[in-house]
Amino acid sequence: MTSDRIARLRIQLDDVEPAIWRRVEVPLTSSLKAVHDVIQAVMLFEDYHLFQFESGDRRYGYPDPEWGDEMRDARNARLGSILARGDTRFTYTYDFGDDWRHTIVVEDVVAADPMLDYPRFIDGARRAPPEDVGGLPGFEEFLRVMADPVDEEHEATMTWYGRPFDADDIALAIITQRLEKLARRRATGKAAFEKSRNRIN
């Protein structure tokens with residue numbers, strides 16, 4: 001049963017060295033919108049911007065009839081259906097201005113552990129870019145300025161960001177807190193679904 005199956009995903013931000021990546025476990029029943037929520041949580045993004053997934057020749061996000069494109073609704077597409085088509089590698093782009101492209105690799109599909117809550121963070125490396133930093137060039141400049149206290153832009157950049165930036169600190173406590181919130185939301189949704197199904201039967 002797909003509800004008892006979990007995909008282990010490795011999410012890596014493209015074109016950045018050293019690599020910024022996360023490994024997570026997500027139920028196959030998750031919508032791509034829910035996968036988006038997980039990526040936002042583990043990369044410490046703030047969900048300010050549009051996103052899209054690309055799998056084969058299909059794109060998923062928030063369809064806009066005015067654009068007249070073939071975007072499918074990420075809320076209606078399940079991770080399990082992507083895998084059922086044989087796609088074990090797909091892409092996720094967040095913020096079409098800064099253009100943060102990620103490669104997602106499905107490393108494994110395993111049985112869910114009933115003692116664990118999902119989605120679940122496994123491991124990862126390096127802090128992801130802050131929101132609205134200006135894409136890859138802006139992030140490189142941000143890292144350079146934040147690492148140099150005597151740079152003339154350091155104080156203004158620190159004020160803009162609001163705190164020091166440690167490129168090696170993925171902020172595990174914040175990631176854990178964010179994923180716990182998503183897991184609670186999922187558990188509440190499952191309980192409500194079971195209750196309504198029992199009422200019907």
Side-chain angles (χ1 to χ4, degrees), residues 7-26 32-55 59-62 64 67 69 71 74 79 87-107 119-183:
R8 186 171 297 135
L9 308 178
R10 190 180 193 280
I11 304 152
Q12 181 164 326
L13 189 60
D14 293 353
D15 305 318
V16 177
E17 289 294 337
I20 295 171
W21 61 275
R22 306 287 184 266
R23 181 173 285 115
V24 297
E25 289 182 337
V26 182
L32 289 184
K33 167 60 171 65
V35 176
H36 157 77
D37 291 339
V38 169
I39 297 170
Q40 291 287 305
V42 299
M43 288 295 191
L44 305 186
F45 289 135
E46 301 293 343
D47 205 6
Y48 292 156
H49 302 283
L50 293 174
F51 69 93
Q52 79 172 13
F53 290 91
E54 290 183 79
S55 171
R59 295 185 304 124
Y60 304 88
Y62 291 129
D64 186 342
W67 287 20
D69 63 10
M71 182 81 75
L79 180 58
D87 291 342
T88 57
R89 186 184 190 95
F90 51 102
T91 65
Y92 167 81
T93 303
Y94 172 63
D95 181 357
F96 301 136
D98 278 6
D99 199 32
W100 297 120
R101 297 171 189 241
H102 305 68
T103 297
I104 301 172
V105 176
V106 181
E107 295 185 325
R120 189 167 85 98
F121 176 77
I122 306 297
D123 56 0
R126 298 185 61 79
R127 191 74 162 247
E131 290 278 4
D132 301 322
V133 76
L136 283 171
F139 185 43
E140 288 171 4
E141 178 69 5
F142 172 81
L143 289 174
R144 187 191 66 74
V145 170
M146 289 293 269
D148 183 1
V150 299
D151 187 284
E152 60 184 22
E153 293 296 321
H154 182 82
E155 191 175 333
T157 304
M158 181 76 86
T159 301
W160 173 79
Y161 185 62
R163 58 199 175 280
F165 185 90
D166 182 348
D168 293 316
D169 177 17
I170 62 171
L172 181 58
I174 300 172
I175 289 173
T176 302
Q177 185 180 44
R178 285 174 161 211
L179 286 186
E180 283 173 354
K181 187 175 177 183
L182 293 180

| Hey, mind stepping through Tyr92 and Ile11 against side-chain contact (heavy atoms from CB on, under 4.5 Å) and telling me if it holds? | CA-CA 9 Å; Tyr92 167 81; Ile11 304 152; 5.9 Å; no
Determine whether [X] and [Y] make a side-chain contact, defined as any pair of heavy atoms from C-beta on separated by less than 4.5 Å.
X	Y	result
Trp100	Ile39	no
Glu131	Asp98	no
Ile20	Met43	yes
Leu9	Val106	yes
Glu180	Thr176	yes
Phe53	Val35	yes
Phe121	Leu172	yes
Phe90	Tyr60	no

Could you measure the distance from the [atom1] atom of [X] to the [atom2] atom of [Y]? Nearest 0.5 Å is fine.
X	Y	atom1	atom2	result
Thr91	Glu54	OG1	CD	4.0 Å
Trp21	Ile170	CH2	CD1	8.0 Å
Leu44	Asp169	CG	CG	9.0 Å
Arg10	Ile122	CZ	CD1	13.0 Å
Glu107	Arg8	CD	CZ	7.5 Å
Met146	Asp151	CE	CG	11.5 Å

| query | Would you say His102's side chain and Leu13's backbone share a donor-acceptor pair under 3.5 angstrom? | reply | no
| field | Any donor-acceptor pair under 3.5 Å from Arg101 side chain to Asp99 backbone | value | no
| Counting heavy atoms not belonging to Gln177, are there more than 12 under 6.0 Å from its CD? | no
| request: Taking atom CD of Glu152 as the centre, report whether more than 12 heavy atoms of other residues, nucleotides or ligands fall under 6.0 Å from it. | output: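 Incorrect, the count does not exceed 12.
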Over all heavy atoms of both residues, which pair between [X] and [Y] is shortest? Give the atoms and the distance, please.
X	Y	result
Ala128	Arg22	N-NH2, 3.7 Å
Ala147	Pro149	O-CD, 3.5 Å
Gln40	Asp47	OE1-N, 2.6 Å
Ala41	Leu182	CB-CD1, 4.1 Å
Gln12	Ala19	NE2-CB, 3.6 Å

| message | Ring-plane angle category for Phe142 and Trp160, please: parallel below 30°, perpendicular beyond 60°, tilted otherwise. | response | perpendicular
| With sequence neighbours excluded, residues passing ring-ring contact (aromatic ring centres under 6.0 Å, His included) with Tyr62 | Phe51
| query | Should Phe96 and His49 be marked as a ring-ring contact (aromatic ring centres under 6.0 Å, His included) after you check the CA-CA gap, both sets of side-chain angles, and the distance that decides it? | reply | CA-CA 8 Å; Phe96 301 136; His49 302 283; 9.3 Å; no
| request: For Asp123, enumerate each residue passing the salt bridge (charged side-chain N to carboxylate O under 4.0 Å, His left out) test, keeping only those at least two apart in sequence or located in another chain. | output: Arg23
| With the threshold set at 4.0 Å, does a side-chain nitrogen-carboxylate oxygen contact exist between Asp168 and Arg127? | no
